[in-house]
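This report refers to the structure that appears directly beneath it.
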4 protein chains.
Amino acid sequence: MVGSGIAAPARRQRRDGALRREAVLDAGLEVFSTVGLHGASLDQIAVRAGLSKTNLLYYFRTKEDLYVAVLRRVLDVWLDPLQALDAESEPAEALRRYIRSKITLSRDAPRASRLFCLEIVQGAPLLRAELEGPLRALVEAKAAVLRGWIADGRIAPHDPRHLVFAIWAVTQHYADFAVQVEAITGRDLSDEDFFEQTVESTQRLILASLGLT
Amino acid sequence: MVGSGIAAPARRQRRDGALRREAVLDAGLEVFSTVGLHGASLDQIAVRAGLSKTNLLYYFRTKEDLYVAVLRRVLDVWLDPLQALDAESEPAEALRRYIRSKITLSRDAPRASRLFCLEIVQGAPLLRAELEGPLRALVEAKAAVLRGWIADGRIAPHDPRHLVFAIWAVTQHYADFAVQVEAITGRDLSDEDFFEQTVESTQRLILASLGLT
Amino acid sequence: MVGSGIAAPARRQRRDGALRREAVLDAGLEVFSTVGLHGASLDQIAVRAGLSKTNLLYYFRTKEDLYVAVLRRVLDVWLDPLQALDAESEPAEALRRYIRSKITLSRDAPRASRLFCLEIVQGAPLLRAELEGPLRALVEAKAAVLRGWIADGRIAPHDPRHLVFAIWAVTQHYADFAVQVEAITGRDLSDEDFFEQTVESTQRLILASLGLT
Amino acid sequence: MVGSGIAAPARRQRRDGALRREAVLDAGLEVFSTVGLHGASLDQIAVRAGLSKTNLLYYFRTKEDLYVAVLRRVLDVWLDPLQALDAESEPAEALRRYIRSKITLSRDAPRASRLFCLEIVQGAPLLRAELEGPLRALVEAKAAVLRGWIADGRIAPHDPRHLVFAIWAVTQHYADFAVQVEAITGRDLSDEDFFEQTVESTQRLILASLGLT
DNA sequence: TATGAATGAGCCTTCATTCAT
DNA sequence: AATGAATGAAGGCTCATTCAT
């Protein structure tokens with residue numbers, strides 16, 4: 001009983017600690033994706049996360065540490081949908097699903113998309129290793145799938161890597177260039193009709209070039 | 001001849017002034033597109049432009065003034081190719097040309113593309129007006145052209161604005177996400193083969209979805 | 001005892017903090033009263049207060065904040081003696097005491113007097129509110145006292161506000177124009193004889209015009 | 001005729017030059033008296049004087065040079081009325097005239113008064129010599145006059161230097177502390193009634209203490 | 001785990017002044 | 001006599017980081 005009495009707070013604290021870490025990561029994503037690494041101040045992030053700057057530095061020793069942690073969390077989410085693209089499915093169906101999931105991500109996690117975009121555009125000084133390692137491998141694996149489909153005559157021939165780039169470019173565009181899209185169309189992905197329009201338009205674009213449908 | 005001898009220095013100076021301004025704008029583009037507005041220091045830019053920070057501030061009263069000047073110059077270049085897309089050409093030909101010119105721009109002015117991208121991704125606080133005004137109007141005009149072609153049965157029906165977004169997204173991707181493209185393919189647009197591959201891939205993508213070829 | 005042993009450092013620190021704040025205010029008064037708001041540099045003040053410029057800015061977020069804080073502290077001291085002038089005393093005695101206390105202040109707090117003077121002369125951009133509010137009210141209250149004495153025939157009629165101005169002007173002159181006084185007489189209020197001379201001269205001046213003695 | 005044709009512009013120019021110098025001195029007085037030496041910028045003064053900063057520096061090689069020139073011009077005006085106080089007049093009449101002329105100056109040249117005040121309060125680093133030389137001599141001369149009157153039994157005995165200080169203090173107060181006076185009374189010397197009130201009040205104050213009237 | 005205090009580096013900007021014309 | 005260009009010094013302020021508790 002006594003032991004439990006002592007342990008309880010510790011456990012609660014540890015759980016709280018994890019929660020606060022999450023809160024900081026969330027706040028970091030919010031701020032970094034809006035003003036970039038250099039435009040963000042720890043104070044700003046701390047306030048948003050509901051703790052003091054000094055305390056924030058207890059969880060992440062350095063501004064850059066925090067930035068990398070945020071980025072890494074984003075990257076994981078980012079690679080996920082591509083992994084789901086598998087060789088056994090029907091090509092049209094698999095690609096349709098992948099495109100939809102990417103655009104869904106653009107709608108639900110636009111900040112993550114933007115932070116990723118900012119980082120890459122600025123030369124990805126902190127991410128280059130990840131790009132040349134795991135990402136490259138993953139793309140190669142999926143490119144092999146596409147090449148298989150081409151070899152089997154199930155889709156028209158098209159350089160698979162350019163295809164992947166095109167899918168990424170178009171789907172992420174609706175998150176990254178949201179202000180521009182909105183300035184021109186007056187709408188964004190949170191509008192259900194517009195969301196569906198975007199999905200269909202992108203699916204048709206990709207599938208048509210592969211001779212599907 | 002004598003008059004010219006006297007006038008020369010004055011004229012030279014004025015020309016020098018303009019040249020230095022240009023040099024500053026160039027340096028600004030280089031630095032801002034790499035580290036963003038907040039990551040850039042005036043010292044850095046000044047050194048790159050070959051003058052002192054104080055002297056730089058003689059040309060641009062404020063860091064933000066310089067930033068906006070750089071941005072405005074980019075924007076002008078950016079809108080240019082779209083304006084060349086005209087109704088009188090053959091649709092396939094016009095689109096092929098537009099795509100090629102955009103990718104050429106991505107190869108020759110990648111920094112401009114990236115700076116533009118950074119600004120938009122961060123919400124375009126300084127550019128929103130331009131986006132909602134001139135850009136929107138230009139896109140509407142070109143969308144009308146595309147709708148005309150659709151009405152005439154010359155291209156398959158496709159929402160023209162999504163089409164424009166797709167072209168922008170894919171063509172600019174090769175500038176904005178160049179590190180990623182390079183990490184995955186090991187090549188970039190300065191490689192002539194890769195450049196042509198990219199142009200063809202993108203042209204096929206767009207044209208296929210419009211039932212051309 | 002043990003508790004006190006633990007609490008001590010914390011208490012000491014807090015006290016230290018207050019002390020440092022005081023030190024900064026003192027240094028600020030010294031510097032501001034000598035070279036004015038714009039002539040003062042934070043570095044100068046920080047050195048005099050025995051801390052770093054950055055640390056100074058931890059206590060006062062802004063140069064102007066510090067200036068206002070210094071000024072407000074001066075103002076409080078400044079209004080004090082007038083409040084002591086009360087209706088129940090003998091007029092001659094009350095006025096004599098007031099004049100002496102003002103000149104004493106000029107001797108003991110000449111910097112405060114000078115800072116106040118500088119601020120007013122420059123149009124009191126930061127103090128106007130205080131002047132039109134509390135100060136005006138206080139003067140009106142005391143003017144009423146003087147008018148009462150006049151109505152009772154205890155002092156000769158004289159516009160009470162001009163009388164107050166005259167007292168202020170003359171008594172503060174020995175602090176504000178001390179260099180001039182010294183250049184002409186070779187003496188200042190720290191000289192006890194000169195101090196008494198000044199007090200008597202001023203008392204006679206004011207009292208004579210009210211028909212007292 | 002030809003010679004005159006050439007000389008004319010030169011003469012005009014020289015006259016213009018003197019005028020511009022005056023304009024700069026005026027502008028300098030205006031600005032310095034409002035924000036002090038350190039608060040003033042040459043640009044500000046140049047704009048007010050209607051020329052460029054660089055051109056201003058042609059007339060006054062240095063900011064401090066300009067400041068001293070402004071100050072010196074003020075000082076001349078400042079000493080003038082005291083010189084007019086002569087032994088041959090009736091004491092009461094002479095003092096009345098002197099007080100009136102000082103208050104008139106406070107009304108018509110308040111900026112000069114304030115600049116002089118600012119300088120003295122800050123320790124007169126640039127004026128000390130003038131104070132200890134000419135000013136001291138002048139005051140001594142006039143003190144001798146007053147001592148003569150005292151010796152002749154024409155005025156009651158009173159330390160003449162304190163008397164002079166009192167006159168200066170009170171009369172200049174209405175220029176230097178004008179904001180305070182206005183905050184409390186709602187009026188200033190440009191109001192004719194208030195002006196006369198002030199003159200009379202001050203005259204009575206001084207004369208009463210000398211047993212006159 | 002949490003925080004108040006303290007610090008040093010760096011940055012944008014202002015400004016008096018100089019140079020060249 | 002006048003001016004545009006250029007510069008160096010200094011200043012206020014922000015910020016990530018460290019210290020001590």
Side-chain angles (χ1 to χ4, degrees), chain A residues 9-10 13-14 16-17 20 38-46 51-66, chain B residues 6-10 12-14 16-17 20-21 38-46 51-66, chain C residues 6-10 12-14 16-17 20-21 38-46 51-66, chain D residues 9-10 12-14 16-17 20-21 38-46 51-66:
Chain A
Q13 282 214 334
R14 208 173 311 133
D16 282 5
R20 295 193 99 168
H38 301 291
S41 85
L42 287 183
D43 249 326
Q44 212 181 142
I45 296 173
L51 38 66
S52 71
K53 182 172 56 168
T54 333
N55 194 197
L56 185 159
L57 283 165
Y58 170 79
Y59 290 103
F60 300 92
R61 304 185 66 87
T62 242
K63 189 189 187 183
E64 207 173 277
D65 280 1
L66 168 59
Chain B
I6 293 170
R12 173 155 32 84
Q13 268 230 336
R14 208 170 316 134
D16 281 7
R20 293 191 99 170
R21 257 188 84 96
H38 301 291
S41 90
L42 287 183
D43 248 327
Q44 211 182 140
I45 297 174
L51 37 65
S52 70
K53 182 173 53 170
T54 331
N55 194 194
L56 185 160
L57 284 167
Y58 174 76
Y59 290 103
F60 300 90
R61 305 182 62 90
T62 257
K63 188 189 187 182
E64 205 173 281
D65 277 4
L66 169 59
Chain C
I6 292 169
R12 172 153 35 80
Q13 269 230 337
R14 208 170 317 134
D16 281 7
R20 292 190 101 169
R21 256 188 85 96
H38 300 291
S41 89
L42 288 183
D43 248 327
Q44 213 182 136
I45 297 174
L51 37 65
S52 70
K53 182 172 54 170
T54 329
N55 194 194
L56 186 161
L57 285 166
Y58 174 77
Y59 289 103
F60 300 90
R61 304 182 61 91
T62 257
K63 189 189 186 182
E64 205 173 280
D65 277 3
L66 169 59
Chain D
R12 173 158 31 85
Q13 282 215 334
R14 210 173 310 136
D16 283 5
R20 295 193 98 169
R21 256 188 85 95
H38 301 291
S41 87
L42 287 183
D43 249 325
Q44 208 182 144
I45 297 174
L51 38 66
S52 70
K53 181 172 58 169
T54 333
N55 195 195
L56 185 159
L57 283 166
Y58 171 79
Y59 290 103
F60 301 91
R61 303 185 67 89
T62 244
K63 189 190 188 183
E64 207 173 277
D65 279 1
L66 168 59

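No experiment lies behind these values; they were computed from the predicted model shown. Just so it is clear: chains get the letters A, B, ... in the order the sequence lines come, proteins before strands, and each one is counted from 1.
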With sequence neighbours excluded, residues passing side chain to side chain contact (heavy atoms under 4.5 Å, CB included) with A:S52: A:T54, A:N55

C:H38 NE2 - E:dA16 P separation (whole Å): 12 Å

Below 4.0 Å: OP1/OP2 of E:dT7 and any side-chain N or O of C:S52: yes

Spacing of A:L42 atom CG relative to E:dT7 atom P, expressed in whole Å: 20 Å

Which atom of B:L42 lies closest to which atom of B:L56, heavy atoms considered: O-CD1, 4.0 Å

Set of residues satisfying salt bridge (charged side-chain N to carboxylate O under 4.0 Å, His left out) with respect to C:D43, sequence neighbours excluded: C:K53

Sugar-phosphate, base or nothing in reach of B:A40, heavy atoms under 4.0 Å: sugar-phosphate

Distance in angstrom units between A:K63 NZ and E:dA9 C1', rounded: 14 Å

Heavy-atom side-chain contact between B:L51 and B:Y58 under 4.5 Å: no

Secondary-structure string, 5' to 3', Watson-Crick or G-U under 3.5 Å, | for another-strand partners, for DNA chain E: .||||||||||||||||||||

Which atom of B:I45 lies closest to which atom of B:A40, heavy atoms considered: CD1-CB, 4.3 Å

Atom pair distance, as rounded to whole Å: CG in D:L51 and P in F:dT3: 7 Å

Pair listing, salt bridge (charged side-chain N to carboxylate O under 4.0 Å, His left out) test, anchored in residues 56-66 of chain C, at least two apart: none

Nearest-Å distance for atom pair CD/P, residues C:Q44 and F:dA10: 13 Å

For the student: nearest non-hydrogen atoms of D:R21 and D:Y59, plus distance: NH1-O, 3.5 Å

Strand contacts (DNA chain E) in residues 53-61 of chain A, 4.0 angstrom heavy-atom criterion: A:T54, A:N55, A:Y58, A:Y59

Residue-phosphate contact under 4.0 Å: A:T62 side-chain N/O, F:dT17 OP1/OP2: yes

Protein-nucleotide distance (B:D65, atom CG; E:dT13, atom C1'), rounded to Å: 12 Å

